[in-house]
Colleague: 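My questions all concern the structure below.
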Amino acid sequence: MKFKVPSRTLYNASSAVSKVINSKNVLEILNNFLIEIDDNKMLTITGSDTENSLTARIQLTEADGSIRFCLDARRLVELLRELPEQSVTFEVNESTLAIEITYPGGNYNLVGLNGDEFPLPRKDEEAETITFICPATQLANGIDNSLFAVSSDDFRPQMMGIYLDIQNDNITFVATDTRKLVKYTNSTSAPGVTAACILPVKPATIIKNIFAKSEDNLNVRITSKRIEIETANFALSSPFIKGNFPDYRRVIPENNPYTLTVDRQSLLTAVRRVGVFVESGVGLVRFRISGDRIYLKSQDNNLCVTAREEVACSYDGNELVIGFSAPYLIEILNTLSTDDIVIKLSDPGRPGVFCPSENVKDTDLIMLLMPMAIIDF
């Protein structure tokens, strides 16, 4: 059986699918792609880790039959990465699964595996499913703004993913690790349904990487156990994280009376600089906010080092001394994208609320950061 495919098209598809494959697999066959060609000359490439699966589709112009086989994923991706952009011919011996890959000036021989041995996640054939269509960027942007706040604590598995709160007119993305929290609401399109699930980090990262700049619409199907996302070129299937996500609405302060407006880049670079001098494992930076200035201070008494900075700002409130973790604050400032940001504060023991100075149309972004205990500046 023989077929031809453009090398760059095949590389883009296989490289995307390879992101679902684990670096180490218990089953050797999971190091392979499942490659299928049907009678309509549709080539599909599938990768899996037994729980998640990702499939890419390519419409071929030349194929002389149908076939199903497995091929080493790492070798194929690395080979295609180095090939010039041109047509590549695959010739597969259907009885021995000997595979010959040729192009002008090159010839490669591999041995495939039986495609029937490839384990795919079991599909949910439930009568009750929730389906909706949304732009790919709506999902990708929500994940991009919230992924950094996901917990890595195995003792709180419900917080090791992004909570999708799907309402008739918007989708809200929430992530928290108890020290920071992100709530991003996007109403670019109205799903027209209500549902909720906790999306694990791995499929969330895949969605973000594949669809960040895509103009496609996503067909989303939600059952009681899985989420399936499909476009003309890709199909992703992933299980949810079981359990109840914390009630994020209860922890967001409704009335922080002090408002601070500051240039994001100026504050970010200042925190990075004083962050070099924080105590290892603590990361504490002290802030004294007064009038039109933010004074920053960090120190490591073990090494007798101290750092001080000051940043211009616009502040409406009483003088306030508060402490924040430098690494967490840097994550928040890196995720926010506006030139100026607004920080709403109350007292040294309540979380600071970080917002862009102006939200992108049809979006609302709120970030919380819990303060660290300090005695004085």
Side-chain angles (χ1 to χ4, degrees), residues 144-153 159-160 175-184 201 205 208 251-253 256 258-315 317 319-357 365-377:
D144 190 39
N145 280 284
S146 55
L147 190 59
F148 78 93
V150 171
S151 174
S152 58
D153 186 354
M159 296 162 60
M160 296 178 68
T176 182
D177 62 1
T178 71
R179 292 158 292 190
K180 53 185 180 291
L181 179 146
V182 177
K183 182 178 82 73
Y184 174 84
V201 168
T205 304
K208 170 189 163 185
V251 301
I252 299 176
N256 275 11
Y258 305 151
T259 302
L260 167 68
T261 303
V262 61
D263 180 81
R264 181 185 65 86
Q265 193 62 41
S266 298
L267 182 59
L268 174 60
T269 54
V271 173
R272 281 176 173 163
R273 288 191 291 267
V274 299
V276 175
F277 293 83
V278 298
E279 185 177 345
S280 177
V282 178
L284 171 64
V285 174
R286 293 174 169 85
F287 295 81
R288 179 163 64 85
I289 308 167
S290 177
D292 60 354
R293 284 286 185 276
I294 304 173
Y295 300 93
L296 297 82
K297 177 184 175 182
S298 67
Q299 61 188 51
D300 186 344
N301 293 327
N302 297 321
L303 299 176
C304 300
V305 295
T306 304
R308 295 177 183 268
E309 286 267 351
E310 64 177 78
V311 178
C313 69
S314 173
Y315 179 58
E319 180 175 298
L320 179 66
V321 175
I322 193 169
F324 287 116
S325 162
Y328 296 153
L329 188 54
I330 288 170
E331 285 181 321
I332 286 177
L333 296 175
N334 273 326
T335 303
L336 293 167
S337 58
T338 53
D339 292 338
D340 292 335
I341 60 169
V342 176
I343 307 172
K344 297 180 180 180
L345 302 165
S346 177
D347 61 60
R350 298 186 65 189
V353 179
F354 295 74
C355 307
S357 58
L365 177 60
I366 295 175
M367 300 185 180
L368 266 64
L369 182 59
M370 291 298 298
M372 301 180 70
I374 58 172
I375 299 175
D376 53 35
F377 185 73

Colleague: Should Val285 and Val278 be marked as a side chain to side chain contact (heavy atoms under 4.5 Å, CB included) after you check the CA-CA gap, both sets of side-chain angles, and the distance that decides it?
Modeller: CA-CA 7 Å; Val285 174; Val278 298; 3.8 Å; yes
Colleague: When rounded to the nearest 0.5 angstrom, what is the spacing between CD1 in Ile341 and CG in Leu260?
Modeller: 7.5 Å
Colleague: Over all heavy atoms of both residues, which pair between Ala149 and Ala175 is shortest? Give the atoms and the distance, please.
Modeller: CB-O, 3.7 Å
Colleague: In this structure, are over 12 heavy atoms from other groups packed under 6.0 Å from Lys180 atom NZ?
Modeller: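 For Lys180, atom NZ is crowded (more than 12 foreign heavy atoms under 6.0 Å).
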Colleague: Distance check, rounded to the nearest 0.5 Å: Tyr328 atom OH versus Met372 atom CE?
Modeller: 8.5 Å
Colleague: Does the side chain of Leu320 reach to within under 4.5 Å of the side chain of Pro348, using non-hydrogen atoms?
Modeller: yes
Colleague: Going by the side-chain contact (heavy atoms from CB on, under 4.5 Å) test, name the single residue among Val353, Thr261, Leu267 that passes it with Ile343.
Modeller: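 So, applying the side-chain contact (heavy atoms from CB on, under 4.5 Å) to Ile343 and each of Val353, Thr261, Leu267, only Leu267 qualifies.
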Colleague: For Val274 and Glu309, which heavy atoms make the closest approach, and how far apart are they?
Modeller: CG1-CG, 3.4 Å
Colleague: Is the shortest heavy-atom distance from the side chain of Leu336 to the side chain of Leu365 under 4.5 Å?
Modeller: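 Yes - at least one pair of side-chain heavy atoms lies under 4.5 Å apart.
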Colleague: Look up atom CG in Leu181 and atom OG in Ser151, then write down how far apart they are to the nearest 0.5 Å.
Modeller: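 Separation between the atoms: 12.0 Å.
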Colleague: Side chains of Thr306 and Gln299: do they bring a donor and an acceptor to under 3.5 Å?
Modeller: no
Colleague: Please name the pair of heavy atoms, one in Cys355 and one in Ile366, separated by the smallest distance, quoted to 0.1 Å.
Modeller: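 What the structure gives for the nearest pair is SG-CG1, 4.3 Å.
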Colleague: Nearest 0.5 Å please: distance from the OG atom of Ser314 over to the CG atom of Asp292.
Modeller: 8.5 Å
Colleague: Measuring from Arg264:CZ to Thr338:OG1, what's the distance to the nearest 0.5 Å?
Modeller: 7.0 Å
Colleague: Between Arg272 and Leu333, is there a side-chain heavy-atom distance shorter than 4.5 Å?
Modeller: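 The answer is no, as the side chains (C-beta and beyond) never meet within the 4.5 Å cut-off.
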Colleague: For a 4.5 angstrom cut-off between non-hydrogen side-chain atoms, does Tyr315 reach Ile294?
Modeller: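 Heavy-atom side-chain distance check fails, nothing below 4.5 Å.
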Colleague: To check you understand the geometry: which heavy-atom pair defines the closest contact between Arg350 and Pro253, and what is its length?
Modeller: NH2-CB, 3.7 Å
Colleague: Under 4.5 Å between any side-chain heavy atoms of Met159 and Thr176, yes or no?
Modeller: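 Heavy-atom side-chain distance check passes, below 4.5 Å.
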Colleague: Side chains of Thr335 and Asn145, heavy atoms from C-beta outward: is any pair under 4.5 Å?
Modeller: yes
